[in-house]
Amino acid sequence: MTEHITPAEPARTGEAPQRSLLDRVEPWLLDRKKATYGVAVLRIGFGLILGVSLLADFRHRHLAWGAGRDWAQPRVDTDSWWPIFDHLFGAGMPAWQFNVQYLALTALSILMVLGWRSRVVIPMVLVGYIGLTRANPFISDGGLHLFRIALVYLCLIDTSKRWSLDAWYRARRPAPARRSLVPAWLENLLHNTGVVLLAFQVCLVYVASAMFKIQGNLWQEGTAVYYVLQLDEFATWPQITGLLDTRGLFIGVMTYLTVFVQLFFPFLLLQRTTRIVGLIVVTAMHLGIGLFMGLLHFSLTMIAIDAIFIRDVSYQAAFMRVQPLLDRARSALRLPARQPDRTSTPAPHEPRDEPKVPDEAQPS
Amino acid sequence: MSLPKHDAPPRRPSVVVRLVVVVVLLLAGVHMFATFARVAPPNPISTAFREPTSHHIHPLFNQSWSIFAPNPQLVDLRIWVRASYLDDTGQQAATEWFDISSTFYAQVTNRVVPPRHWRMVAPLYRYQFRARDALTESQQLLLASDYVGDSGRGQLRADLIAADNRPSTVDHYLRSEAMVVEFATNVVYAVHPDIEPQAIQVRTSSQGVVPWSRRDDPDATRPDEHFRELGWRQPIVASDASREAFASVFRRYLDD
């Protein structure tokens, strides 16, 4: 197979006549890990989403996933899932064991927030999450599927390069001749492929949703949001949404904005200005859906994944602005002063070759 | 680039590196194609690749993004239950109908962090609805009849098969009905801890909303609720532990 690839294929027209497409793609994939701050925000966000929802569901747990859900077992048995996961939180499990496993998953989600041994913790969270959600297939929505799929991609990604205990430990013990089974270029390749897959997944959610919506006459007529807010199932703040749903203009704008921002999301990402606008609009949309239609898990999951579309330089610039405030707060609390290393957590031994583009320095 | 220990790649990619890059890109590309083909609205491309893409997506990457689309759901779906029991005088009596769905919806009203399972009843409704829909008309008529006692379920199966001999469709329906009945039995024990149900009856309902054109009309009311009743059935209890676990949580919803 190599013969076909190694001799550079005839160059495309354009600025680099000597280089094949692969020659140009390879450095992007191999040289450096992309979106390192974005995936750190994603890891922290996912840990919080899972941890907070498990704690919020604590008093419901026996009905939702424990012995009180045994009525759903026939569906567990007939759905086509790998059986190994069906036994993790299987029917007939003693209550103490269920509680221990439930709390262990909660603890793992906290470790995920902290970024402790993320390479091991994230696959464990994935397995535990599938196990728990398999226990009751009737608790299922887009947010649950998305969370699981994103966790699969996160297994490829180095999520604890920034803002994590892993990074902090690495900085304390500088480079003990890091011996990895996986060479650096391969690690970078998997990381960047994972980031691409996450970006693809988010675009897929938006574009597929929009493709379904534009077939419907209520979305075309601009009234769909009104109908959603009429249902007991989704009107979770009826007093507030009751005020909104008679305002025709509001409903029309929301309905069209939802369809168009979803359909055009991938294109909004291409340019910095439209990217900022697009991310602000989808974040507002998710907060609205999350708070007023009861779909909080899905919404926060989307917001957390959207964090990868903010570039590393933007996070760095934002952090540099926040840092003086943190330092002042720290000195006010009389905590020991920080090392004067200007930036925050990046490990000192790594090359700081990220381009500092002045006009990109605004936080998105 | 002073100390490129970790991040630096080999400057000239070797044949092995390039081969790995190509394989990873191919895998990612195939994965993305298969996912898109499965998740987009039905189209000729996804039809052409139905078998392999379905195999690839299930179960790990399974997903659906047609919520609120093509049009949002226009009705509220509810599951109700009542029970028959022997009262103090030994007479047959029946409880009032109890609305299970609204009890779950109340759990999320005016709450910022909704419990994860509050929409559990609607998927159960749809699961049973689809399984019922796969039956023939004459089979569906049978479902309104009573099948109680220990032989009830066996008799229902025999009658359904006699009406149309497709055992896998019938068994799929019976499985869905058994889940609804067991779920509803749990509710009965939680709501009426003091009675011993002899039989239970489940009905499902759907109710439309005030149409957009009448949204400003203060006299507008929601259309009538449509009910679909199953006949009386034998209660199903998986185990006392399961029943208790369900009731311990569900009773709190009644107090809220």
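Chain naming here is simple, since letters A, B, ... match the order of the sequence lines and numbering starts at 1 in each. Nothing here was measured: the structure is a model prediction, and the numbers come from that model.
Only the side chain of B:Q107 comes within contact range of chain A, with at least one heavy atom under 4.5 Å from a heavy atom of that chain. Heavy atoms of B:V237 lying under 4.5 Å from chain A are absent altogether. In this structure, the portion of B:N186 lying under 4.5 Å from any heavy atom of chain A is its side chain and not its backbone. Within the 4.5 angstrom heavy-atom criterion, only side-chain atoms of A:I130, from C-beta onward, approach chain B. Both the backbone and the side chain of A:V205 have a heavy atom closer than 4.5 Å to some heavy atom of chain B. Only the side chain of A:T193 comes within contact range of chain B, with at least one heavy atom under 4.5 Å from a heavy atom of that chain.
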Would you please test B:M120 and A:L63 for side chain to side chain contact (heavy atoms under 4.5 Å, CB included) and show each step?
CA-CA 11 Å; B:M120 184 169 71; A:L63 188 154; 3.8 Å; yes
Between A:Q239 and B:N110, is the side chain to side chain contact (heavy atoms under 4.5 Å, CB included) condition met? List the steps.
CA-CA 9 Å; A:Q239 297 88 342; B:N110 300 343; 3.3 Å; yes
As a quick check of understanding, evaluate side chain to side chain contact (heavy atoms under 4.5 Å, CB included) for B:L60 and A:W82, giving each step before the final call.
CA-CA 9 Å; B:L60 200 54; A:W82 301 312; 4.0 Å; yes
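Atoms CE and CD1, from A:M293 and B:I67 in turn, are 9.5 Å apart once rounded to the nearest 0.5 Å. For the atom pair CG (A:D70) and CD1 (B:I236), the distance works out to 13.0 Å, reported to the nearest 0.5 Å. How far CD of A:Q73 is from CZ of B:R175: 12.0 Å, rounded to the nearest 0.5 Å. The CZ atom of A:F138 lies 11.5 Å from the CZ atom of B:R126; values are rounded to the nearest 0.5 Å.
Ring geometry, A:F234 versus B:W118: the interplanar angle exceeds 60°, so the pair is classed perpendicular (tilted spans 30 to 60°). Ring pair B:H31/A:Y153 is perpendicular by interplanar angle, where above 60° counts as perpendicular and below 30° as parallel. Between B:W212 and A:Y226, the two ring planes are perpendicular [angle over 60°; tilted spans 30° to 60°].
We find that A:D232 and B:R78 are joined by a salt bridge, their nearest charged nitrogen and carboxylate oxygen being less than 4.0 Å apart. The residues A:D141 and B:R116 are annotated as salt-bridged, a charged nitrogen and a carboxylate oxygen being separated by less than 4.0 angstrom.
Side-chain atoms of A:R75 never come within 3.5 Å of backbone atoms of B:M179 as a donor-acceptor pair (strictly under, hydrogens ignored).
Residues B:F104 and A:H60 keep their aromatic ring centres 6.0 Å or farther apart.
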